[in-house]
Amino acid sequence: MDKGDKLPLEDYKRYGRQMILEGFGLSGQLKLQKASVVVVGAGGLGCPALQYLAAAGVGRLGIIDHDVVETSNLQRQILHNEQTVGMHKTESAAQAVRKINSRIKVDVITEPLSSLNATRVLQDYDIILDCTDNTPTRYLLSDTAVALGKPLVSGAAQRFHGQLCVYNLGPDGLCLRCLFPRPPTQTGTCEETGILGAVTGVIGNLQALEAIKIITGLHEKEPSMLIFSALGSPPFRSIKLGSKKPTCPACGKEGKKIGEIHEFDYVQFCGGPAPDWETQGLTDSEPGFRISVKELHNRLEGGDRLNVIDVRPRTEFGICQLPGSINVPLGELTANPSTYLPEDDKIETFIVCRLGNDSQIAAETLRSLDKDSPGTNKRTIKDVIGGLRAWSKDVDENFPVY
Ligand SMILES: Nc1ncnc2c1ncn2[C@@H]1O[C@H](COP(=O)(O)OP(=O)(O)OP(=O)(O)O)[C@@H](O)[C@H]1O
């Protein structure tokens, strides 16, 4: 801080409550004012992070996202609201952030971050926040942070749990690849697994807090991973991580150069995208093993005696269900499949789930019973393509989408 550095007069009142904190002072506020933070993902984590960064007076914020606001986002993505459904998340978030603090600079970057644009887009900022929800982007952000020499504050949240880690902090700071040279098993998105909104609030706020600590010099020098479980007692645990690995393929001696990031296929490295039956347009019945929602609807309307098994968890079955369907959660069905086939092998079985993925596993498990019992009549066992999501789209628009 230069002698004579000052804030505009009104800022002393605005930021006074944090400026009087031990170790923060005028110099802390000036550092925030001069700092820039880019938030990748304006969703469940990005919204609370942006909210606190803006309120604290970080001088420049970048908001990156390619998606639009949906109704199902409002339960946790607290910068968006009923009026901004359908708007780009970047615009919606920027609008809200400017209402909190009109004097900071807000950059809106409405494009997917990829290996082609990452270094160009991120290079202008001091700190990167990973508020995304997928493994390829996490590795891309980590490699880019290493290549650009910037700290990366990474958050994750699912169900009742969350995780926070600061990567690439200082010359000894480790990166994501030091911890996980290969991508960990993918655990599904919030859409698939569920998420309590306040859990993303906890982790997103902590990401903002870490960024503020780094900018003002109040951060821990030794990296650790913070693990949060809303149902845990105590809810927080911290694991010391040590320093970076000399053999790390990204930040070790032979690490990636910026040019190599352009050529790296992050999606393939992380096992490729999860199949999305809806976007692949599989709406018609495939011969043999599958049935479309329209065809199932016709069969049910026709009064046929069918065995319709819904393999969602009980909590989800309690939210909504097809008439006449029975609930056997996937784990119970695969543990004891023979229990759930009707004695009369002429009765057809149809398996349904929420999005059309678990039902395929269940149907395959039941079909394998027939394979293992030669001589018995082959039963008809089909999964319902696209699950209940397709039902609400193609059969009954009043059926709940969640
Ligand atoms: N490569 C990327 N570039 C830009 N934005 C990204 C990228 N990867 C993920 N995101 C954004 O990160 C955000 C993650 O937030 P979150 O998981 O809460 O939202 P969501 O994807 O809307 O959730 P849901 O799984 O319920 O649909 C999303 O808005 C998503 O568009």
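Order of appearance sets the numbers: ligands from 1, and atoms from 1 within every ligand.
The protein heavy-atom contact nearest to atom 24 (P) of ligand 1 is Arg76 NH2, 3.5 Å. Among protein heavy atoms, the minimum distance from atom 3 (N) of ligand 1 is reached at Leu113 N, 2.8 Å. Nearest non-hydrogen protein atom to atom 22 (O) of ligand 1 is Lys89 NZ, 2.8 Å. The protein atom (non-hydrogen) at minimum distance from atom 17 (O) of ligand 1 is Asp133 OD2, 3.1 Å. Atom 12 (O) of ligand 1 has its closest protein heavy atom at Gly41 CA, 3.4 Å.
The ligand atoms of ligand 1 that sit less than 4.0 angstrom from a heavy atom of Gly44 are 15 (O), 16 (P), 18 (O). Taking every heavy atom of Asn73 and a limit of under 4.0 angstrom, the matching atoms of ligand 1 come to 22 (O). When each atom of ligand 1 is checked for a heavy atom of Gly43 under 4.0 Å away, the hits are 15 (O), 18 (O). Heavy-atom proximity to Pro112, at under 4.0 Å, picks out these atoms of ligand 1: 3 (N), 4 (C).
Using a 4.0 Å cut-off between heavy atoms, Thr137 contacts ligand 1 through its side chain alone, with no backbone atom that close. Here Thr200 has no heavy atoms under 4.0 Å from ligand 1, in either its backbone or its side chain. Contacts between Asn134 and ligand 1 below 4.0 angstrom, taking non-hydrogen atoms only, involve the side chain exclusively. The part of Cys131 lying near ligand 1 is the backbone, judged by heavy-atom distances below 4.0 Å. At a 4.0 Å heavy-atom cut-off, ligand 1 does not touch Glu70 at all.
You'll find the ring centres of Tyr139 and Tyr266 outside the 6.0 Å limit.
Between Glu192 and Arg159 there is no salt bridge, since no side-chain N of the basic residue sits under 4.0 Å from a carboxylate O of the acidic one. Ion pair Asp107/Lys105 flagged as a salt bridge, since at least one NZ, NE, NH1 or NH2 atom sits closer than 4.0 Å to an Asp/Glu carboxylate oxygen. Ionic pairing of Asp345 and Arg379 is not present here: no N-O contact between side-chain nitrogen and carboxylate oxygen is shorter than 4.0 angstrom. Using a 4.0 Å cut-off between charged side-chain N and carboxylate O, Asp11 and Arg103 make a salt bridge.
Closest to atom 6 (C) of ligand 1 by heavy atom, among Gln77, Gln158, His66, is His66. Counting only non-hydrogen atoms, the option in Asp65, Asp67, Val69, Thr132 that gets closest to atom 11 (C) of ligand 1 is Asp65.
At under 3.5 Å, a nitrogen or oxygen of Glu191, whether backbone or side chain, sits near a nitrogen or oxygen of ligand 1. Between Leu45 and ligand 1, not a single N/O pair is under 3.5 Å apart. Taking any N or O of Ser72, backbone or side chain, none lies under 3.5 Å from an N or O belonging to ligand 1.
A donor-acceptor contact shorter than 3.5 Å is absent between the side chain of Glu348 and the backbone of Leu306.
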Could you walk me through whether Thr84 and Ser92 pass the side-chain hydrogen bond (donor to acceptor under 3.5 Å, both in side chains) check?
CA-CA 6 Å; Thr84 64; Ser92 168; 3.0 Å; yes
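The cationic atom of Arg177 (NZ for Lys, CZ for Arg) lies less than 6.0 Å from the six-membered ring centre of Phe264 and within 45° of the ring axis.
Side-chain atoms of Glu316 and Tyr402 include a donor-acceptor pair closer than 3.5 Å. In summary, the side chains of Asp130 and Thr132 do present a donor paired with an acceptor at a separation below 3.5 Å, with no hydrogens or angles considered.
Minimum interatomic distance between Ala230 and Val199 (heavy atoms only, all atoms of both residues): CB-CG2, 4.1 Å. Closest approach of Pro183 and Thr135 over heavy atoms only: CB-CG2, 4.0 Å.
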